[in-house]
Amino acid sequence: MERVRFAPSPTGHLHIGGARTALFNYLYAKRTGGKFIVRIEDTDLNRSTTESEKVIIDSLKWFGINWDEGIEVGGPDEPYRSTERNFIYEPYVKKLIDEGKAYYCYCSEEEIEKERQESLSKGETYKYSGKCRNLTEEERKKLEEKGIKPVVRFRVPDNEPIIIDDAVRGRVEFNTNDIGDFIIVKSDGIPVYNFAVVVDDHLMKITTVIRGEEHLSNTPRQILIYKALGFDIPKFAHVSLILGKDRTKMSKRHGSTWVEQYEQAGYLPEALINFLALLGWSPEGDEEIFTLEELCEKFSLERVAKNPAVFDIDKLNHINGIYIRKSPIERIVDLSIPHLIKAGYITEEFAKDNRQYVTLLVSTFREKISHISEIVNHAAVLFGDEVKIENEEAAEVLKQEHVVSLLDELYAIVNEAEKLDNEFIQNMFKELKNRTGAKGKALFMPVRVALTGQVHGAELVNIIELLGKDNVLKRIEYTKKNLL
RNA sequence: GGUCCUAUGGUCUAGUGGUUAGGACGCCGCCCUCUCACGGCGGUAACAGGGGUUCGAAUCCCCUUAGGACUACCA
């Protein structure tokens, strides 16, 4: 059975690229009937925080992909946080040292840094000198007595090819000559990520490692560890990076890079999933809109592209718009309410007491939005007492001769109304047409502009209903007084 | 600098030796319509360059160029 995992380090938010990696892992597990595991790789004590871990897990949950084993849900390989697994790593480190495959190194960071700078200035690739490779017991004791806390380095063999048969990249070859003896345990006694992953993946019986391409260069080091420990080497699948508009690795500079931010902007998780699935993977036919379940059936590593992908917000918007229009209106209403409240257009109580009104508002504008927060821009037209003429075109509309009488008649009709509902408004336009002779554009546009100041907008009948009798009357008065 | 990865329209991609190079986003036009949006229809636009291999290359090989990742007691 296939077993895959997503192993984020809790040093920030869930990056959009991380979300895609998690998704691919999830889809692969579902497709193959395997298990998906989530484990927290918090070996970096300086950068890892519990807040970050929470944020990442919350984002993962919102994203809608659940895991079979791992953090929070538990499983046969607890604990799922590497800082709590230190006792597990220790014997493996000891084994490597005992077998001479790893050794203690007492070089100070300053020393190493100096060496690095030197080789860099000479234009050479830096590799650890191997100074501490063959320290005698005697020498070690002396250094220990000085109170130096050593790191543990892996003894990298000479001139050995390392071949990765990558599921997406094909055969990739490295040579150990390009790798210096690297650190596997830091001086604080915590193993480094490269070591912890290997032990964790082995113990958790991970069969396929699907992760970002940035890990490809580290894979030979990990393979060395697998071999030294006598572990089976899993399959690897390195997925290309997601790039920003300028074709560099997507980062804060490129706008929203965390899934949290997309949640806040009002993107739907299914839409983000659909979009991210298409970023680097392609289905067989021409269809592009898929539910999670459909993706689970269709996904395969063979169809994952090798080339990096630029994150295209326009396409995300398009897909999200489709999902917004497809969703039950109630859901979109629920999602819209916080944005409308935040904009100050409604209160929580109002939303509770006037569900019908808010539903009409949302269904009036949802055709026009690509993410929920945009509804605020469109709803703006309903609030405030003044009518602001948006442009010359709108001003022109009001200059037409028949506008004054049209607005007078409109006022009269509305004034007599008890309540402006859809049916009444429909009839109102018929009556207006009868009384003034204006029809089509000449009928609707002046009303639209007089009431909203805009020449474009959503369904006028709905706008009028949403405005309500009092506001309509107020706005007609305002327009007649100030804009004619 | 070194190692590695990548290269089809502006963007995401299909394509695995013979296709009018297909789809999607965007953009443009038309239809629908009071308008915008939605929707429908149509259009614009690509094989980075140079060498090979082959009867025949987007497809296989090499070089160049361009981009990217890694090169930490980060992941």
Side-chain angles (χ1 to χ4, degrees), chain A residues 7-12 41-48 105 107-109 112-113 116 119-127 149-153 164 166 169-170 172-175 177-180 182-188 190-194 196-197 211-220 238 240-241 243 245-249 275 278-289 303 305-319 321-322 325 365-369 378 393 397 429 439-449 454-461:
Chain A
S9 61
T11 56
E41 214 69 65
D42 58 350
T43 50
D44 185 344
L45 264 29
N46 294 324
R47 297 198 304 149
S48 297
C105 168
C107 296
S108 68
E109 288 190 63
I112 299 292
E113 188 53 34
R116 192 204 319 283
S119 55
L120 216 63
S121 63
K122 274 191 268 174
E124 289 166 5
T125 313
Y126 171 73
K127 271 170 69 177
K149 291 256 181 281
V151 299
V152 179
R153 281 186 190 271
I164 303 169
D166 195 279
R169 325 212 77 85
V172 182
E173 189 171 337
F174 293 85
N175 189 291
N177 285 346
D178 300 314
I179 304 168
F182 55 92
I183 292 170
I184 55 175
V185 180
K186 296 177 268 184
S187 54
D188 61 5
I190 310 274
V192 116
Y193 164 85
N194 270 324
V197 239
R211 64 190 1 171
E213 196 195 338
E214 69 266 32
H215 290 280
L216 185 56
S217 311
N218 280 323
T219 307
H238 287 96
S240 295
L241 300 171
L243 309 179
K245 271 249 176 286
D246 63 356
R247 301 203 136 267
T248 63
K249 190 174 175 179
F275 170 71
L278 260 19
L279 217 54
W281 171 82
S282 64
E284 269 179 62
D286 284 341
E287 192 61 38
E288 288 200 328
I289 303 302
R303 295 190 69 83
K306 298 177 200 235
N307 45 318
V310 173
F311 187 93
D312 181 12
I313 190 74
D314 285 332
K315 181 136 184 183
L316 205 212
N317 282 336
H318 173 254
I319 291 176
I322 290 174
R325 273 166 251 126
F365 297 116
R366 83 150 149 183
E367 306 271 278
K368 313 170 82 68
I369 62 174
H378 291 98
E393 201 186 342
V397 169
F429 276 114
K439 59 181 179 178
K441 214 167 177 156
L443 172 64
F444 286 92
M445 282 318 272
V447 176
R448 179 182 287 284
V449 175
Q454 297 174 5
V455 71
H456 299 311
E459 182 70 40
L460 226 205
V461 173

If we take the P atom in both B/rC63 and B/rG18, what is their distance in whole Å? 25 Å
Roughly how far apart, to the nearest Å, are B/rG9 and B/rG50 at atom P? 16 Å
B/rC70 phosphate, OP1 or OP2: any side-chain N/O from A/K249 under 4.0 angstrom? yes
A/N307 side chain N/O closer than 4.0 Å to the phosphate oxygens (OP1, OP2) of B/rU13? yes
What distance, rounded to whole Å, do you find between the two P atoms, one in B/rC62 and one in B/rA7? 14 Å
Atom P, compared across B/rG23 and B/rU44: separation rounded to whole Å: 11 Å
Expressed as a whole number of angstroms, how long is the span from A/H456:NE2 to B/rC38:P? 13 Å
What interatomic distance, in whole Å, is found between P of B/rC61 and the corresponding atom of B/rC5? 13 Å
Walking RNA chain B from its 5' end, the first of A/L241 and A/D312 to be reached, judged by nearest nucleotide, is A/D312
Given the P atoms of B/rG1 and B/rA48, what is the spacing between them in whole Å? 24 Å
Using the P atom as the reference point in each nucleotide, state the distance between B/rG52 and B/rG68 in Å, no decimals. 32 Å
For B/rG26 and B/rU64, measure between their P atoms and round to the nearest Å. 40 Å
Taking the six-membered ring for Trp, are A/F311 and A/F275 parallel (under 30°), tilted (30 to 60°) or perpendicular (over 60°)? perpendicular
